[in-house]
Amino acid sequence: VTGVQTCALPIFSFFVKKKRQLFLRYKKIFSKIKKVRIFQEPINCRSNYWLQVLLLDKAFSNLKNIIIKKTNKKHMPTRPLWNLLHTIQYLKKFPRMKLEVSEGLYKRIINLPSSANL
């Protein structure tokens with residue numbers, strides 16, 4: 001098992017490096033646009049940036065689907081956040097707590113292309 005982990009680490013490190021470079025490119029591009037930001041790792045944390053997330057300002061959440069549609073037309077495959085579990089039909093019957101934060105973020109998040117080869 002130890003040999004397998006050792007062999008996998010350089011490949012994993014390569015992908016994390018590429019993902020972090022992609023994050024920095026997105027951050028630079030989107031820093032010029034008001035009312036949006038790239039989701040960034042918190043202080044004292046280290047993200048692998050496996051998923052690149054664009055967060056719209058609350059006032060622009062109504063534009064999320066328009067942005068997704070237009071970027072996809074321009075061959076930039078963006079997508080919404082995955083459906084929240086409590087909104088899936090067969091799970092609606094189960095108890096849940098109030099999820100205002102999750103619901104608010106769902107309205108504002110656009111997943112950007114995140115491949116390490118970008």
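Being a predicted model, the structure only gives us computed values, none of them experimental. Excluded from the calculations below are hydrogen atoms, water molecules and symmetry mates; all remaining heavy atoms, backbone and side chain alike, are included.
Every residue two or more places apart in sequence or in another chain that forms a side chain to side chain donor-acceptor pair (under 3.5 Å) with S115 is listed here: N117. A search for side-chain contact (heavy atoms from CB on, under 4.5 Å) contacts involving I67 returns L56, L63, T71, I110, not counting sequence neighbours. Every residue was checked against the side-chain contact (heavy atoms from CB on, under 4.5 Å) condition with N62, not counting sequence neighbours, and none meets it. Partners of K18 according to the side-chain contact (heavy atoms from CB on, under 4.5 Å) rule, which considers only residues two or more places apart in sequence or in another chain, are F14, Q21, A116. Residues that satisfy the salt bridge (Lys or Arg N to Asp or Glu O under 4.0 Å) test with R79, not counting sequence neighbours, are absent from this structure. For F23, the ring pair (Phe, Tyr, Trp, His ring centres under 6.0 Å) criterion is met by Y49, not counting sequence neighbours. By the side chain to side chain donor-acceptor pair (under 3.5 Å) test, Y26 pairs with no residue at all, sequence neighbours left out. Applying the side chain to side chain donor-acceptor pair (under 3.5 Å) test to N44 and every residue at least two apart in sequence or in another chain returns nothing. I33 is linked by a side-chain contact (heavy atoms from CB on, under 4.5 Å) to F30, V36, counting only residues two or more places apart in sequence or in another chain.
Heavy-atom minimum distance, P77 versus P113: O-CG, 3.5 Å.
The closest side-chain heavy-atom distance from Q52 to L22 is below 4.5 Å. No side-chain heavy atom of W82 sits less than 4.5 Å from a side-chain heavy atom of Y106.
When hydrophobic clusters are built by joining Ile, Leu, Val, Met, Phe, Trp and Tyr residues whose side-chain heavy atoms come closer than 4.5 Å, directly or via intermediates, L24 is grouped together with I38.
Side-chain atoms of K19 come within 3.5 Å of backbone N or O of W50 as a donor-acceptor pair.
Among residues at least two apart or in separate chains, salt bridge (Lys or Arg N to Asp or Glu O under 4.0 Å) pairs with a member in residues 20-33 are R20-E41. Counting only residues at least two apart or on different chains, no salt bridge (Lys or Arg N to Asp or Glu O under 4.0 Å) pair has a member in residues 55-75.
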Please tabulate, for the side chains in residues 87-104, all donor-acceptor contacts under 3.5 angstrom to protein atoms that are two or more places apart in sequence or on a different chain.
{"from": "T87", "atom 1": "OG1", "to": "L84", "atom 2": "O", "distance (Å)": "2.6"}
{"from": "E103", "atom 1": "OE2", "to": "H86", "atom 2": "NE2", "distance (Å)": "2.8"}

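For the atom pair CG of N65 and OG1 of T78, the computed distance is 10.0 Å after rounding to the nearest 0.5 Å. Here the CZ-CG distance, from R108 to L81, works out to 12.0 Å after rounding to the nearest 0.5 Å. Considering CG of L55 and CG of L105, their distance stands at 6.5 Å, rounded to 0.5 Å. Here the straight-line distance linking atom CG of L112 with atom CD1 of I29 works out to 9.5 Å at 0.5 Å rounding. Atom CZ of F39 and atom CG of L54 lie 12.5 Å apart (nearest 0.5 Å).
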